[in-house]
Every structure is written in structure tokens, then in C-alpha cells.
Amino acid sequence: MEEEKEAVKQYIEDLRKKIHYHNYRYYVLDEPEISDAEYDRLFKELEELESKYPELITPDSPTQRVGAKPLTEFGTYEHSIPMLSLNSVSDVSDVRDFDERVRKFLGIEGGKIEYVVEPKIDGLAMELVYENGVLSVGSTRGDGTTGEDITQNLRTIKTIPLRIFSDAPPLPLLEVRGEVFMPVSKFKELNDALGARGEKMFANPRNAAAGSVRQLDPKVTASRPLDFFAYGVGRAEGKEFSTQWEVLNYLRNIGFKVSPLIRRFEHIKDVIEYHEEVKAKRDELDYEIDGIVVKVNSIELQERLGTISRSPRWAIAYKFPAREEFTRVKDIVVQVGRTGALTPVAVLEPVPIAGVTVSRATLHNEDELRRKDVRIGDTVVVERAGDVIPEVVSVIKSKRTGAEKEFKMPDRCPVCGAEVIKEGPIVRCIGVSCVAQLKERIKHFASLRALNIEGLGEKVIEQLVDRKMVSDAADLFFLTKRDLLKLDRMGDKSAQNILDALEKSKHTTFARLIHALGIRHVGEHTASLLADNFRDLESLRNASYEDLVSIPEIGPEVAKSILLFFEQESTKELLDKLERAGVSYEKKEVAEEEERKILEGKTFVFTGRISMPREEAKRIVEQFGGRVASSVSKRTDYVVAGEEAGSKLERARKLGVKVINEEEFRTMVR
Ligand code: IVH
């Protein structure tokens, strides 16, 4: 009996190890080795065994991420080593001063100082305590000395290991420090969902992360898309680090996500150059960074430099220009979307924000507008995060003169004059032939991620609708050159290009076609789920409510919306017309691969340590039409260099071949 129990225990332990490993592959490396179904099977098996043998459940089991009961308040947690803050600068001259100060202090004015540069993640600093490799406490930075114990919330973040990942015996004690953040794309989705439910929205990804991590109920935190980058250690018993670089690599090796943007430089001028490089890439990243952090690499030198008033002398935050600006609301207008939703939009005194001129900002919906109390004439703070639509964050009420005007949502559609209804916080035009909705539906149909009809821009679509040349998206395919030539500023060549693009778009994928239809609540992701689960449009059209909700991730609201869409007479007409036009689709993304041969004729060489396996890198290059070679020559177009790249990198530099890092490579093929 005992023996049997021991065997079960061992089996469960092996299962956990496997699951931890696959978690790591999936969430941290973003390189799964097994299918979702296989993962689910392992997970389920563990759950079943644990419910049979509850005495064998351990807190570091992957099944135990969420489970704790809601708290009434958080406890406090005292950091054993204070969590410092950083002095920040935004001018080049201050960075040079920093470098000079460091040298002077160390008495090595002429010598070399190595710096490590990391992105400054705009999130919240946390400390994670691991005892014998198992996560025991997770806390906020607080005032640097005492933070809040939010262990049960941090446990729900998939990129925070519950157990250190290593072959070597774990350290008796390890404190890991890093930043919790919310990816920009996920923030946008969360805000859209909160807005649709009439709940308070977050001003930016950082606030969303802060609000999510401080929930008393860990289930709420678990439902929020949080992520974690590690960048430092506190106590590490039984381990000596000699450099920050070593710390970062150690953290990466034991299962933490470490930013791929970290670099090492020997000259401050390279640090300054890298600041520019990262700044230029800022909008492409799916997380907000507000600058770079420059740290003296040597721990010994760090210790010699010490700290002054809670900031280290050995590090500095070199900030990017702010994403927030003040400006004035000239007017508030209403925009009618594809589903008829009326969105209040602030028309602004144009203002440059981190390189982009912003002249409009969304106010989301009436409730948000009231909550923020935005009035025409107000001075407001506008924020732009990544490529998310700029938004009005707050009103500077002290600047009010009394001349500001309150805005009232119209009770009729400003475009077609039809009645509006209120669905929660959303005001919706119910006009069936509202041209604003039609224009937006067609724009969506033709957009890059739907049918990708190149050259069919907004202006053309608007004219086509205004001149009643199309009454739904399918009519596009029946346009002739004579029709198109009637439009403003349309030459023979452009007209032909549009016709060619229309012809090309007729051959698409099932997922794109579903997405293009513009069914409410069916975005790109849901469209591809549907494409995976139905044979063709006919079977999707005939799907029952049960068929739909049996697909994981498809809930009642989405299912109802799909049913409603296919019940419409106008949908039937649209689909018939699409068929008559000869629109066809393939189940797989073959068409997409063909049209995205963006690496055609390009030769790549990979060298050094990168996080994806070489076969994977090769597959990606080939998928986009490129070729992978094993040695660098004059004909090489790109060398993708990872950690510890050696002779190939040298050769590339000598031959003047373009060298990029993994992050840049990923951006190329995204
Ligand atoms: S190091 C030297 N590294 O910036 C110890 N901080 O003002 C200070 N932060 O509270 C922390 N990314 O929230 C460090 N790569 C990074 C960081 C980083 C973001 C934040 C962190 C900290 C604040 C310092």
C-alpha cells in the first residue's frame, strides 16, 4: 500500500514537472512543444489524480495557481533588502554626466565601464520570494521598505513560475525582482470589454495592471492578462553573482521571462545610440516602456558606488518623451461604428505626442464621458499608448473658465437620423440602412486583416456608398471600370488596380471571410476558431446554439450574435451575392502564406543563442519565402545574432552584412 502510494506520488511529481516545463515553453518562450489538446490532457490527468489523492496536493502544483479565497485586506510584507528607486533623466547631457560621475567616484576617469541596458517597463515593481525553489511570497514594492503581500494574486500570473526551473538543486532562498505589466493589446481588449459592460475603464495599461494586481479576489486577477519581466535579485543564498548580466541570464535560465531587449555596452555613446534605437521600436512592442535603465554591470563596482537617498549611484533611468500631453477640446463629435454604436470623440487642438500628431481622442461612451466630465473647451490630458487610439485621460478642472460646454449624446443617429437605443452604456443606431454603418462595414470587409482589398481606401468606399453604387460589401465585386472612373480623382490605372485587388481578394481563407462579414463580437480570433470548427460557410450558417457554445471560448453572447447575424435577410442576400461573385475560400491559411512572401530572395544566417529552436527559425524564414544558410558570405542579407555570437558575427561585421537581433527578426515576420 505504502509502496503504491509512493509510486503515485512519484508519478504526480513527474506529471507536474512536465506541466511546469510546457507552461514555460508556452508562456515564457512562446514556443510550445506540444499541442493545446495534449497540454489539456496532462493537466486534466493531474487534476484527477489530485482530486483522488488530495493529501498529495502541494502549493506549487500547476493546478494551484488560482484557488485561494478572496481576502478582506492585504497583509504587509517587509523587504529584507530595500527596493530602490531610480533617478531619471531625459537629456543626453545628463546621461553623459552620469557616466562621468560613476568614473570619477570610482577613480577611473580614463578606464572602461561596462553598462547593462534594460528597457524600463512601465508597470509595477514586485518581489517574489522562493524558498527551496518554491514561490512562497509575492509582494509589491510599496514604499521600498514595506510592500503589500499579494502572493495569491501574483501566483495567477502564468509567466511567474510557481517553482524554479532548474536541474541543479534550488537555492534555499532567492528573491526575484521584476515588473508586472499588462500587454497593450490585452489592455485594449480588456477596456473594450469593460466599456461594453458599462464598467469603469482604465486610463492606461499601467493603471489596468495596478487595478488587476490589487484585487482582493484572486479569481479576478487570474482573469486579467498580466505578465512579468524579471530584472534583478534581492537575497540569493548560496549564489554569488559578479555582474548584472549574469543575474539576467540566471533568471532567464531558471524560468523567468527576461526582456529580449537587454544589451551590454562599453561606451556611454553606445548606450545613447541604443536609447534611440529602442525609442524607435517603442510603438511596435506589445508592452509600454517609458525609457531604458542603464546599470553598471559589475556588482563589485555597484557595491562601491552604493546608494544615495534610496537611489543607486550605479543606475539611472533614461526616459523617453512622455506619452501624455495637455491640449484643448475644440469640439465633441459622434462617430457611428460598424455595429451602429455611437462613440463620442474629442476633436483636439492638434498636439504632437511622442512623434505622432494627435487631433482626435476617443471618449469611449456616454458613461465614460460623464465619469471624466469632459466638456467642450476643456483642457485635458491626452495619452497615446502604442498604436491604441489616443484617449482623454482626465480634465484639468482648474483651467476651466466657465465657458466650457457640456455635451449631450444625440437621441437620433447623427448620420441617418434613425432612432437610437441604449444598451448598457452604449448608444446604438438602429437604422437598417444607415450609411455610416454601411461605410464602416465595407471598410472592415476590405481591411488588411479581413479580405485585404488593396487600394480600396476610405475615400473610395465613402464615395461608393454616397453615390449608392454599392449597398453591401458584396456589391464591390460587381463594380466595373466604368463605375470606378466616375469617382473623384480616379484614373484608369488606379481603377484597374482596384479591380485587380478585388479579383485577388476573391480567393481567401475561411477565417478571413468569417472575420470580414463583421458579425458582432466575432473578431479575428473568434473567426479563426469558427473556421477551425466548421467545414464551410453553409455548416456555420446552419449551426445551432449548442453547436456554437460547445466550442471552448465561445460564450452565449457570441453564439447568440452569430445566430442573429445568420437569421437576417440581408445576410442571406450578402452570402448569395458573394457566391455569385465567385468568392471562394480555403480552410487553411495557404493564401496568406502565398501573399506574404516578404522574405523572398533573402538569405538569413542564425548565430549565437536565441530562444527559438533553429528548425523553428528556419521554418519561419522559409514560410515567408526566404532561405537559411549556415555560413556568412557577401550574399547573406541578414545575420540574426543571439547571445554569445562569435565568428559568424565578426565575419558579418567585416563584410558589412546587416546584423539584427532576435526581437528584430520576430518583428520582421510578425
Ligand atoms: S531596477 C536599482 N530595472 O522602475 C533598483 N527597475 O524607479 C531599481 N523598472 O520601481 C529598480 N523596469 O518599477 C529596474 N529594468 C528595470 C526596470 C525597473 C522598470 C521600474 C521599477 C522601479 C522603478 C525605479
Between K459 and E462, does a salt bridge (charged side-chain N to carboxylate O under 4.0 Å, His left out) hold up when you go through it step by step? CA-CA 5 Å; K459 291 272 173 309; E462 282 171 12; 5.1 Å; no

Mind checking whether [X] and [Y] have side chains closer than 4.5 Å, heavy atoms only?
X	Y	answer
K281	L261	yes
M182	D227	no
P410	L342	yes
E662	P260	no
V329	V347	no
P390	E325	no
V393	V382	no
L548	L530	yes

Flag the pair [X] and [Y] as a salt bridge only when some basic side-chain nitrogen lies within less than 4.0 angstrom of an acidic carboxylate oxygen.
X	Y	answer
E573	K577	no
E538	R541	yes
D483	K486	yes
E569	K572	no
D378	R328	no
E276	K279	yes
R375	D373	yes
E557	K560	no
D488	R467	yes
D286	K188	no
R666	E663	no
E31	R619	no
D283	R384	yes

Indicate the atoms forming the closest heavy-atom contact of [X] with [Y], along with that distance.
X	Y	result
E391	N191	OE2-ND2, 4.2 Å
L456	A446	CD2-CB, 3.9 Å
V657	T636	CG1-O, 3.6 Å
V184	P205	CG2-CG, 4.4 Å
R371	G198	NH2-O, 4.2 Å
I353	E324	CG2-N, 4.1 Å

Listed once per pair and sorted, the ring pair (Phe, Tyr, Trp, His ring centres under 6.0 Å) pairs that draw on residues 439-461, sequence neighbours left out: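 Of all non-adjacent pairs touching residues 439-461, those that pass ring pair (Phe, Tyr, Trp, His ring centres under 6.0 Å) are H444-H515.
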
Taking atom types as modelled, is there a side-chain donor on [X] or [Y] under 3.5 Å from an acceptor on the other?
X	Y	value
D492	Q496	no
D536	S539	yes
H521	S561	no
R428	T339	yes

Rounded to the nearest 0.5 Å, how far does [atom2] of [Y] lie from [atom1] of [X]?
X	Y	atom1	atom2	result
T526	I562	OG1	CD1	7.5 Å
K330	S359	NZ	OG	8.0 Å
K493	I498	NZ	CD1	12.0 Å
M469	I461	CE	CD1	13.0 Å

Determine the sole option in K372, R197, K422 for which the salt bridge (Lys or Arg N to Asp or Glu O under 4.0 Å) test with D367 is passed.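 Only one option passes, and that is K422.
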
What's the verdict on salt bridge (charged side-chain N to carboxylate O under 4.0 Å, His left out) for R323 and E383, showing C-alpha distance, side-chain angles and the deciding distance? CA-CA 6 Å; R323 294 277 209 178; E383 177 164 49; over 6 Å; no

Can you tell me if [X] uses its side chain to pair, donor with acceptor, with the backbone of [Y] under 3.5 Å?
X	Y	result
D547	S544	yes
D475	F478	no
R206	D122	no
S212	A208	yes
Q568	L564	yes
E579	S584	no
E419	G431	no
T327	E349	yes

Would F229 and F181 count as a close aromatic pair, with their ring centres under 6.0 Å?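 Between F229 and F181, the centre distance is under 6.0 Å.
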
Indicate, with yes or no, if the rings of F534 and F510 have centres closer together than 6.0 Å.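 That pair fails the under 6.0 Å test.
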
Just wondering, more than 12 heavy atoms not from [X] lying within 6.0 Å of its [atom1]?
X	atom1	value
E524	CD	yes
K658	NZ	no
K443	NZ	yes
F326	CZ	no
K405	NZ	no
E423	CD	yes
K618	NZ	no

Can you classify the ring geometry of Y638 versus F604 as parallel (below 30°), tilted (30 to 60°) or perpendicular (above 60°)?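 Parallel: the ring planes of Y638 and F604 meet at under 30°.
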
Could you tell me which residues satisfy ring-ring contact (aromatic ring centres under 6.0 Å, His included) with F565, sequence neighbours excluded, listed by chain and number?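 For F565, no residue satisfies ring-ring contact (aromatic ring centres under 6.0 Å, His included) once neighbours in sequence are set aside.
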
H275: which residues meet the ring-ring contact (aromatic ring centres under 6.0 Å, His included) condition with it, sequence neighbours left out?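 Partners of H275 by the ring-ring contact (aromatic ring centres under 6.0 Å, His included) criterion, ordered by chain and then number, come out as Y318, F320.
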
Walk me through it: do E277 and E664 pass the test side chain to side chain contact (heavy atoms under 4.5 Å, CB included)? CA-CA 11 Å; E277 198 181 319; E664 288 167 312; 3.8 Å; yes

